[in-house]
Amino acid sequence: MTERIFYVKPSITQREIEAAGFAALDGWGSNSNLYIDKFEKIFAEVIGVPFAIATSSCTGALELGLAALGIGPGDEVILADTNWVATLAPIVHRGATPVFVDILCDTWCLDPNQVAASITPKTKAIVATHLYGNLADLDRLSAIAKKFNLYLIEDSAEAIGSFYHGAHAGTIGDFGVFSFHGSKTVTTGEGGMLVTSDVNLAKRVRQLNNHGRSTEEKKQFFSAELGYKFKMSNLQAAIGVAQMERFDELVFRKREILDIYRERLSEFEAIQINPIQPGCTSGAWMPNVTFSKDSRVTRELLMDAFRRDNIDARVFFWPLTSMNLHGISQRVSPNSDSIASRSINLPSYHDMNSVEIDRVVNVLVRLATVG
Ligand SMILES: *Cc1c(COP(=O)(O)O)cnc(C)c1O
């Protein structure tokens with residue numbers, strides 16, 4: 001049997017191992033926030049944003065941000081039906097109402113026309129997810145948000161290393177969130193980051209993430225409000241610093257792998273790989289191929305073929321409204337349905353070698369040529 005090809009694996013070097021060791025030795029007492037502070041600083045610098053707040057997960061960062069903006073019961077929040085469930089859960093947990101729109105076939109991100117058409121007097125925010133490192137149409141979404149006085153939130157969990165007209169994903173909306181889950185390009189095992197240019201929002205998020213304790217409060221253990229505790233640990237942050245020091249290298253290799261797939265598959269009309277978007281650079285978190293409708297190659301066929309070759313098969317996200325969650329049943333998303341039914345994510349990790357890439361490409365070529 002050939003060796004299994006995993007769809008993702010983190011890139012952990014001596015640098016991360018030493019960083020974790022140092023933090024385990026000295027990251028206590030007066031140093032108990034040292035690596036968290038360093039991680040927030042290097043992240044803000046590399047991404048190009050004034051404020052960055054480390055969290056225990058991206059899901060937690062999103063909930064904190066929504067809470068800091070005062071989004072709750074009676075408010076509507078617009079998001080794409082194609083999404084990881086982590087984008088939806090905090091909206092529902094805040095008591096707000098999710099409103100789903102379809103994705104565009106050429107970006108796999110939410111359709112601005114449908115966003116505009118979904119706005120009601122209750123709408124408070126748009127959550128734009130930059131799917132697989134592709135970029136949502138931030139110019140149009142910003143204009144819509146401005147016109148209707150809505151918050152624009154960027155779920156950039158999959159978009160580290162992605163740039164929109166020169167600005168890093170996550171830095172354009174009112175706030176952006178990132179994930180350092182073990183599957184992501186930059187990882188701390190679990191972890192997240194909220195970034196913003198708004199000093200007051202940053203302050204508000206920090207207070208909420210510290211059980212509602214104000215930095216101005218003189219009394220110990222005295223909360224100004226009920227908050228949250230979605231903090232990152234110093235140990236994880238130390239690994240995060242080491243990963244961010246390797247940011248260029250980590251992103252470069254992800255892009256390189258996507259480019260190799262793109263080149264090797266370019267001659268097959270039946271296969272669409274992550275779209276190239278004018279003015280944008282993708283961080284290439286997740287290569288994904290979508291077969292044309294004519295090809296009759298389905299998600300199930302792709303899953304079977306990958307499994308037979310001992311390659312991890314990971315489906316394109318199911319439309320959230322197809323899961324029967326929390327009484328959510330709105331069905332408006334022909335593109336989300338259709339693309340998911342003909343797609344598969346391709347393995348991509350830093351240490352992937354050319355033999356492994358060949359094996360993945362060969363499975364796809366076989367499917368594209370049998371017709
Ligand atoms: C990974 C991911 C998240 C959640 O990140 P966690 O750190 O696991 O909470 C949120 N949104 C999207 C689009 C993701 O891909």
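Numbering of ligands and ligand atoms starts at 1, following listing order.
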> Going by the rule salt bridge (Lys or Arg N to Asp or Glu O under 4.0 Å), which residues pair with Glu40 if we only count those two or more places apart in sequence or in a different chain?
Arg206
> Could you tell me whether a side-chain N or O of Gln272 sits under 3.5 Å from a main-chain N or O of Val289, the two making a donor and an acceptor?
no
> Once ring-ring contact (aromatic ring centres under 6.0 Å, His included) is applied, what residue pairs with a partner in residues 238-264 remain, sequence neighbours excluded?
none
> Distance check, rounded to the nearest 0.5 Å: Leu258 atom CG versus Leu346 atom CG?
9.0 Å
> Between ligand 1 and the protein, which N/O pairs are shorter than 3.5 Å?
| from | atom 1 | to | atom 2 | distance (Å) |
| --- | --- | --- | --- | --- |
| ligand 1 | 5 (O) | Ser179 | OG | 3.2 |
| ligand 1 | 7 (O) | Cys58 | N | 2.9 |
| ligand 1 | 7 (O) | Ser179 | OG | 2.7 |
| ligand 1 | 9 (O) | Cys58 | N | 3.2 |
| ligand 1 | 9 (O) | Thr59 | N | 2.9 |
| ligand 1 | 9 (O) | Thr59 | OG1 | 2.5 |
| ligand 1 | 11 (N) | Asp155 | OD1 | 3.4 |
| ligand 1 | 11 (N) | Asp155 | OD2 | 2.8 |
| ligand 1 | 15 (O) | Glu158 | OE2 | 2.4 |
| ligand 1 | 15 (O) | Lys184 | NZ | 3.3 |

> Relative to each other, are the rings of Phe180 and Phe43 parallel, tilted or perpendicular (30° and 60° limits)?
perpendicular
> Do any pairs count as a ring-ring contact (aromatic ring centres under 6.0 Å, His included) and have a residue in residues 101-130, sequence neighbours left out, and if so which ones?
Trp108-Phe316
